[in-house]
Each structure stands twice: as structure tokens, then as C-alpha cells.
Enquirer: 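Got a structure here, written out as C-alpha cells. Questions coming.
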Number of protein chains: 2
Amino acid sequence: MAATTHLTPLVHPERDEMTVEAVLRALADPVRLAIVRQLARSEAEVSCGGLEVPVTKSTLTHHLGILRTAGVIAGRQDGTTRFNSLRRNDLDELFPGLLDGVLAARR
Amino acid sequence: MAATTHLTPLVHPERDEMTVEAVLRALADPVRLAIVRQLARSEAEVSCGGLEVPVTKSTLTHHLGILRTAGVIAGRQDGTTRFNSLRRNDLDELFPGLLDGVLAARR
DNA sequence: TGACAATTTCGAGGAACGTCGTACTATGGA
DNA sequence: TCCATAGTACGACGTTCCTCGAAATTGTCA
């Protein structure tokens, strides 16, 4: 009833606020790296349920929050589903080559 | 006199054994990132004592071990001093753009 | 309205990490 | 030979991190 959207307002860092340390920390986890690879491959938005990860949904939420806070991914709310996408442009602008280098790694 | 070098034999991973996850984890720490930046800037080997970091020597040893185990740096022993250098070639070959992207980050 | 589906929040357990001080080894010079 | 120097090994301590389950929130559809 109260209009208090208890959902976090989906806050993302501006490009200026992103740091290479936060991005590296965000990428330095197998689950999150798998998420980034899937987003990079699909080239389109992917809902949380559409991601294949070996963890619970609550853990997935946690990882997506870290990726979003670091500026690696963007989230767009649409009804009850949240669509995620890679912030390729911002990453390439700030750290040219970083994302491609990570994605180039075998397996 | 005994030739038993109790020092760890300075083991480095082969290029084939390096993983992007280990490299990212190694880079995802402010102290280690500072080390990498100094090695990249100096373009020559740097002894442990020549690195400017805000931690104790024992902690520095720990960080250098992580960087070496991940394949980010190489160590060469010469007397009592150990010289460290960036494994640029291997990193660029495996993850083209990664290192440059990290180093391109402002600050 | 009521049930269901998609996701988040909260709290807790356990593992991994960064840090330090102290003790130790090894090399080189006086 | 003795001492200073360069760096490592070993615990130990506190913090951060990953993980989960249970409960709560929001939107959709019948």
C-alpha cells in the first residue's frame, strides 16, 4: 500500500565514478565472470532467470549487485523481471582492451 | 655450506597454466595494482626493496607471491636480492589488451 | 481478490584474504 | 669471523567475501 518502493532504485555509477579496482574485483570471481561471458555472448539483455549459474537466486542477486555497483553491467526493470546488459561502451572507453582481453581468455 | 636452498625455488606457471581468473584476482588488490604499475613504469627489473608500498616487508612478500603464482610477474634471484619484472609478453599473448586496459585507468 | 512467478532483503555460517610481528635463512662485506 | 642486509616462513588476528535458506516485495494473470 505504501508507495515506498523498497526495491533499490537500481543505482549505477556514472562513467566518471567507475574505478579499475572495483571492476577488477567484480570480475575476479568465477560466477561473475560466467555472468559477464553470457552477457557478452548473447549481445542482448538477459533476465536474472535466463542466466545459468551454479548458485541460488539470492546469491545471484548478490553477484549482480556487485557487478552493477562496479559499473560492469546495467539493469533495467520491466515488471517483475530485471534485464541485465554489459556496459561495453563505458568499459571500453575507460579501460580500452580490458574487457576484450578478459573475454579472449580460453574457456 | 649445504647446498640446500631452503628458499622456494621461485616457481612460475607456464603460459599454458595461467588462468584469467587468477590474473584478475591478483590484480584486484590496491597494493598489488600499485606494484604492477611501478613495474610497468620502470620498464626494468625492480628489487623488493625498490618497491614503494604501504605495507610491511612480510606482507609485500605475500603479495609478490600471489602475483608470481598468477603469472603476472617473474622473479629472478641474485644474491640476497630478488628482482621482479612484469610478464608482459605472456599476458599480452593470452589476454590481449587486458594489461594495457588496466594500466590505462586514470590515477 | 487471490494465487503465482521473479527477484530482493535479511541474517547467519564458514571460508578466504590482508595484515602484522617475530623468527629464520642466506648472502655479502668489514 | 661477525654483523648488517634482503627477503622468506610461520602463526595469529580481524575483516571481507561467498553461500544459503527463509521471509518479504512487486507485478501479472485468471
Side-chain angles (χ1 to χ4, degrees), chain A residues 1-12 19 21-36 39 45-70 72-85, chain B residues 1-12 19 21-36 39 45-70 72-85:
Chain A
M1 35 185 68
T4 59
T5 339
H6 202 250
L7 292 192
T8 320
L10 253 303
V11 66
H12 304 82
T19 69
E21 288 183 15
V23 170
L24 287 172
R25 288 198 78 83
L27 296 177
D29 176 272
V31 174
R32 294 195 288 266
L33 204 48
I35 293 171
V36 168
L39 291 181
E45 290 178 317
V46 179
S47 68
C48 299
L51 291 168
E52 294 185 5
V53 286
V55 293
T56 335
K57 273 195 283 190
S58 62
T59 302
L60 174 57
T61 296
H62 170 241
H63 285 305
L64 291 174
I66 289 181
L67 286 170
R68 191 170 49 246
T69 300
V72 177
I73 68 174
R76 180 179 62 85
Q77 194 79 24
D78 178 49
T80 61
T81 82
R82 178 170 296 190
F83 289 102
N84 308 102
S85 57
Chain B
M1 39 180 64
T4 59
T5 340
H6 200 253
L7 293 193
T8 321
L10 253 303
V11 65
H12 304 82
T19 68
E21 289 185 14
V23 170
L24 288 172
R25 291 196 77 84
L27 296 177
D29 176 272
V31 173
R32 294 194 289 265
L33 203 49
I35 294 171
V36 169
L39 292 181
E45 291 179 316
V46 179
S47 69
C48 299
L51 292 168
E52 295 185 5
V53 286
V55 293
T56 339
K57 271 197 290 187
S58 62
T59 302
L60 175 57
T61 296
H62 170 242
H63 285 305
L64 291 174
I66 289 182
L67 286 169
R68 186 172 349 104
T69 300
V72 177
I73 68 174
R76 180 179 63 84
Q77 194 79 23
D78 178 51
T80 60
T81 81
R82 178 169 297 191
F83 290 101
N84 307 101
S85 57

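Every chain is numbered from 1, with letters handed out A, B, ... down the list of sequences.
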Enquirer: Could you tell me which residues satisfy side chain to side chain contact (heavy atoms under 4.5 Å, CB included) with A:His62, sequence neighbours excluded, listed by chain and number?
Expert: A:Ile66
Enquirer: Pick the closest DNA chain D nucleotide for B:His62 and for A:Ala28 by heavy atoms, then say which residue is nearer the 5' end.
Expert: B:His62
Enquirer: With heavy atoms under 4.0 Å as the rule, sort A:Thr81 into base, sugar-phosphate or nothing.
Expert: sugar-phosphate
Enquirer: Can you list every stem that DNA chain D is part of, counting only runs of 3 or more consecutive Watson-Crick or G-U wobble pairs with both distances under 3.5 Å?
Expert: C:1-30 with D:1-30
Enquirer: For a quick test of reading the model: is some side-chain N or O of A:Arg82 closer than 4.0 Å to OP1 or OP2 of C:dT8?
Expert: yes
Enquirer: Going by side-chain hydrogen bond (donor to acceptor under 3.5 Å, both in side chains), name the residues that satisfy it together with A:Glu21, two or more places apart in sequence or in a different chain.
Expert: none
Enquirer: For A:Ser85, what residues pass the side chain to side chain contact (heavy atoms under 4.5 Å, CB included) criterion, not counting sequence neighbours?
Expert: A:Glu45, A:Ala74
Enquirer: For B:Asp29 and B:Val31, which heavy atoms make the closest approach, and how far apart are they?
Expert: OD1-N, 2.9 Å
Enquirer: Among all residues two or more places apart in sequence or in another chain, which pass the side-chain hydrogen bond (donor to acceptor under 3.5 Å, both in side chains) test with B:His63?
Expert: B:Arg32
Enquirer: Is there a side-chain contact between B:Val72 and B:Leu39, using heavy atoms and a 4.5 Å cut-off?
Expert: no
Enquirer: Contacts to DNA chain D from residues 47-56 of chain B, heavy-atom cutoff under 4.0 Å, which residues?
Expert: B:Ser47, B:Cys48, B:Gly49
Enquirer: Any side-chain N or O of B:Thr80 under 4.0 Å from OP1/OP2 of D:dA6?
Expert: no
